[in-house]
Structure formats: structure tokens, C-alpha cells
Amino acid sequence: MATTEVNKPSKYSVELVFATNNAHKLNEVRAIAGARCSIISLKELGCYDEIPETGDTLIANALQKAKYIHDKFHCNCFADDTGLEIEALNGKPGVYSARYAGEHCSFKDNIQKVLYEMQGISNRKACFKTVIALIVNEENYFFEGKIDGEIMESEKGINGFGYDPVFKPLGYDKTFAEMTEDEKNSISHRALATKKLNNFLQTCPILK
Ligand code: IMP
């Protein structure tokens, strides 16, 4: 693997590159990853590319990102793709969650657009879905996580990223952005998908 300055602690038996430029996601996944797995960032890999993401499903995008890094660096790696699906908006923003308010828009812009479109709508049901695509030893594997919740009338909380200030998970009285990192990591869509990835890595015979 072409890495720059990567320390490989001996206690880890699996080294996986996480194909993301999102530091929040990297921290979340590292906090959840099991002791068996060392997560290498793109920065540590020496990759500063804008990874293409042109699919029209979460699975297609996650695989496209993982394949890009796998093909370029010939390493075992994974990528995730996440979408916020709002029932009253027919599943939007969905796979277009990152650029819902337009090319180069901010998290704030996306939230403003969602709140505007949800004005006066009483059905606030929504969910976050994450798909992780893993490529190990030339094989593709997929892991999914989903959490149901609802869209708030206004932003609440300052933690997390993306749509966190307007998403309240079902059964909780605060938004993701009002939760600590540990609280969000114990229930989130990405946590569920990452736990499935971890379980797979613990038992995967091809990695033993
Ligand atoms: P991505 O393509 O997986 O990076 O996710 C697309 C967009 O979904 C991001 O730009 C964020 O706006 C949003 N998103 C992804 N994960 C989360 C999350 O955990 N909380 C809130 N928003 C998220």
C-alpha cells in the first residue's frame, strides 16, 4: 500500500483505508471501530483527490468511492454514503443530500432549504440511511444502517454536522446536534452500518 507516515500498530490485524474527506465521519467511525481494525485516513494515505460521487443510489456512490481508492492505491478499503430521506418530500434529499441546495452549498444552506420546503407540513417523518461498501481481497461487501426520526421546525444544537441540528431520532427528545458524540455514535445510521462492518471483520475468514 502506498502510504505516507502510516504507523501500523502491531495489535491491529486489519488495516483499512476509509475513503472519506469528512473528518467528522472519520472520528465517528474510528470511535466505533473494534480493536481488531486500524482505520487509515486519506490524508495518512497521501491522497488529496476529490473522489467522484456520481451514482444515483447510496450503494452506487459508496462503491464508486471505495473502488476509486482501491484501484489507485491497491489497498483494502471502504467508503460510506449517507442520505436523509424525508417522507413528505418523496424521499428527498436522499442520495443528493450533500448538494441539495446546489453545487458548493454549505450544511446551513441545505438545512435552510429543507426547513423551507417543510413549512406547513405536519408529516415530519424522515430517516437517515448509510451504506458502507467494503473492498477486501478484490471482493465487494455492503453494510447498511438506518435510523428513523423526524425533521424539527428549526435548528437545535451545535454538535455533529450536516442535517444533525434538524433531525430528532425516534424515541429521543433531542436532535443529533444536541447529543454528545458518544450518544450519537451509540444509535446513528453510520454506527449501525459500522457495527455490521465490525462484526464482519471479527469473523471474516479471508482476513484471518
Ligand atoms: P455523504 O455523501 O455520505 O458524505 O453524505 C451526504 C450528506 O448527508 C452530507 O453532506 C451531510 O449533509 C449529510 N449527512 C451524512 N451523514 C450525516 C450525519 O450523520 N448527520 C447529518 N447529516 C449527515
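All values reported here derive from a predicted model rather than from experimental measurement. When a ligand or atom number is given, it counts from 1 through the structure's own listing order.
For the side chain to side chain contact (heavy atoms under 4.5 Å, CB included) test with Phe78, the passing option among Val29, Ile135, Val136 is Val29; the others fail.
Contact analysis puts Asp81 in contact with ligand 1, with a non-hydrogen atom separation below 4.0 angstrom. Using a non-hydrogen distance threshold of 4.0 Å, Phe161 registers as a contact of ligand 1. The closest approach between any non-hydrogen atom of Glu53 and ligand 1 is below 4.0 Å. Residue Phe128 places a heavy atom under 4.0 Å from ligand 1.
Ion pairing between Lys129 and Glu144 fails under the 4.0 Å rule for side-chain N and carboxylate O.
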Report the C-alpha distance between Ser188 and Phe176 in whole Å, list the side-chain angles of each, state the deciding distance to 0.1 Å, and finish with yes or no for side chain to side chain contact (heavy atoms under 4.5 Å, CB included).
CA-CA 9 Å; Ser188 81; Phe176 268 164; 4.0 Å; yes
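Annotation for ligand 1: atoms under 4.0 Å from non-hydrogen atoms of Arg190 are 16 (N), 17 (C), 18 (C), 19 (O). Of all the atoms in ligand 1, the ones that sit under 4.0 Å from a non-hydrogen atom of His189 are 16 (N), 17 (C), 18 (C), 19 (O). The atoms of ligand 1 that sit less than 4.0 Å from any heavy atom of Lys184 are 18 (C), 19 (O), 20 (N). Below 4.0 Å from some heavy atom of Ser97 lie the following atoms of ligand 1, by number and element: 7 (C), 8 (O).
Looking at every heavy atom in both residues, Lys156 comes nearest to Met152 through CD-CE, 3.8 Å.
Remark: among candidates Asp164, Thr130, Val166, Thr175, the nearest residue to atom 21 (C) of ligand 1 is Asp164, based on non-hydrogen atoms.
Both Leu197 and Ile39 are part of a single hydrophobic cluster, where members link through side-chain heavy atoms under 4.5 Å apart. A single hydrophobic cluster is seen to contain both Leu84 and Ile187, as judged by linkage of ILVMFWY side chains at heavy-atom distances under 4.5 Å, directly or through other members.
In this structure, CZ on Phe143 lies 13.0 Å from CG on Asp80, to the nearest 0.5 angstrom.
For the pair Tyr163 and ligand 1, the shortest N or O to N or O distance falls below 3.5 Å. Considering both main-chain and side-chain atoms, Lys25 comes within under 3.5 Å of ligand 1 through a nitrogen or oxygen pair.
The aromatic rings of His189 and Phe128 lie parallel to each other, with less than 30° between the two planes, well short of the 60° mark.
Ranking the protein heavy atoms by distance from atom 6 (C) of ligand 1 puts Thr82 O, 3.4 Å first.
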